[in-house]
Amino acid sequence: PRAREQIQRDARRLDARRRLQEDAELWLEAADDEKTQRLLDGLALQEALDLRSHWKLTTALSSYIDLSQAASRRRELLRRVTSVVFGIFALIAAVAALHAYEQQARAEGILEEAAHRALGRMQEAMSTGDMATGHAYLAESLRYRSTPRALTTRRHGTVLLARAAV
């Protein structure tokens, strides 16, 4: 059983060495702008590293593996940096969205207070019989409203509809 396992391992490594040799030759023959694409990556790189740890390889194959490993490390570093940058952008976007939400809520609160003040002035003006001023304050309160609500005020037989907070 041990001898059979060793023979199987050696057969797999011979096959891996053949593939490595073919890949290295393709890399050597490739144009300069294609060389990076011909370097080993992923499983092929892991297989080459395993092969080198068990067998003595030529200097050319060993250099090809070293170049492939360096390129793989650069790609991994670039992936990690890109992930961190996108994470930072996502965090900035979330903080900006939260800030915008808080500012919108604050602005709506200010507009609500202004509408209440205008409605209060409208009621004062209408209670004294000054309908024109009351209508002007009513119009002012409507400019401050973002959601329609009905406010019915009956003064001197007049029904006015306005936006008012509940």
Side-chain angles (χ1 to χ4, degrees), residues 16 19-20 22-24 26-53 61-166:
R19 286 192 307 272
L20 176 62
E22 289 171 0
D23 289 342
L26 288 172
W27 176 77
L28 282 171
E29 294 168 3
D32 288 344
D33 59 340
E34 295 177 1
K35 284 202 180 282
T36 302
Q37 297 170 351
R38 294 285 183 183
L39 292 172
L40 299 171
D41 194 20
L43 183 60
L45 177 58
Q46 292 306 314
E47 194 174 53
L49 290 168
D50 177 65
L51 186 63
R52 184 169 66 179
S53 70
L61 285 179
S62 208
S63 296
Y64 176 60
I65 294 170
D66 289 340
L67 288 171
S68 296
Q69 189 174 29
S72 179
R73 286 180 180 153
R74 281 191 303 274
R75 282 190 301 272
E76 180 60 28
L77 179 62
L78 181 61
R79 277 192 282 272
R80 288 180 183 184
V81 168
T82 302
S83 295
V84 168
V85 168
F86 280 126
I88 290 170
F89 281 140
L91 180 62
I92 290 170
V95 169
L98 179 62
H99 180 69
Y101 177 78
E102 290 171 347
Q103 291 301 312
Q104 180 181 357
R106 182 173 174 254
E108 287 173 357
I110 291 169
L111 289 175
E112 193 71 27
E113 290 174 17
H116 279 295
R117 281 193 304 273
L119 286 174
R121 291 186 197 120
M122 176 202 73
Q123 288 175 344
E124 287 176 21
M126 291 186 143
S127 67
T128 62
D130 188 356
M131 298 304 277
T133 304
H135 288 137
Y137 281 126
L138 175 60
E140 180 183 340
S141 75
L142 289 174
R143 285 195 311 258
Y144 297 128
R145 292 285 169 203
S146 59
T147 54
R149 301 276 188 228
L151 170 68
T152 304
T153 306
R154 294 176 188 247
R155 294 283 187 245
H156 307 290
T158 305
V159 176
L160 301 173
L161 293 177
R163 294 179 185 179
V166 173

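Keep in mind the model is a prediction, meaning the values are calculated, not measured.
For the pair Ser141 (side chain) and Ala115 (backbone), a donor-acceptor distance under 3.5 Å is absent. Although no hydrogens or angles enter the test, the distance criterion places no donor-acceptor pair under 3.5 Å between the side chain of Thr133 and the main chain of Asp130.
Inter-residue side-chain proximity for Gln69 and Arg52 is flagged as met; some heavy-atom pair is nearer than 4.5 Å. Considering only heavy atoms from C-beta on, Glu47 comes within 4.5 Å of Arg19 through its side chain. Proximity of Met122 to His135: side-chain heavy atoms (C-beta onward) are nowhere separated by under 4.5 Å.
Rounding to the nearest 0.5 Å places CG of Leu78 at 16.0 Å from CZ of Arg73. Expressed to the nearest 0.5 Å, how far CG of Leu20 lies from OH of Tyr64 amounts to 7.0 Å. A distance of 11.0 Å separates CD in Glu112 from CZ in Arg117, rounded to the nearest 0.5 Å. Atoms OG and CG, from Ser72 and Leu67 in turn, are 12.5 Å apart once rounded to the nearest 0.5 Å. In this structure, the separation between CG on Leu40 and CH2 on Trp27 is 10.5 Å, given to the nearest 0.5 Å. With values rounded to the nearest 0.5 angstrom, Leu51 atom CG is found 10.0 Å from Ser62 atom OG.
The side-chain contact (heavy atoms from CB on, under 4.5 Å) search around Arg106 returns Gln103, Ile110, not counting sequence neighbours.
The nearest pair of heavy atoms linking Met126 to Gly134 is CG-CA, 4.0 Å. In plain terms, the two heavy atoms of Ala30 and Arg38 that are nearest each other are CB-CG, 3.9 Å.
Sorted by first and then second residue, the ring pair (Phe, Tyr, Trp, His ring centres under 6.0 Å) pairs with a member in residues 71-107 form an empty list; sequence neighbours excluded. Applying the side chain to side chain donor-acceptor pair (under 3.5 Å) rule to pairs touching residues 74-86 yields Asp41-Arg75, Glu76-Arg79, Glu76-Arg80, sequence neighbours excluded.
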Run the numbers on Tyr137 and Leu119 for side chain to side chain contact (heavy atoms under 4.5 Å, CB included), then give the verdict. CA-CA 6 Å; Tyr137 281 126; Leu119 286 174; over 6 Å; no
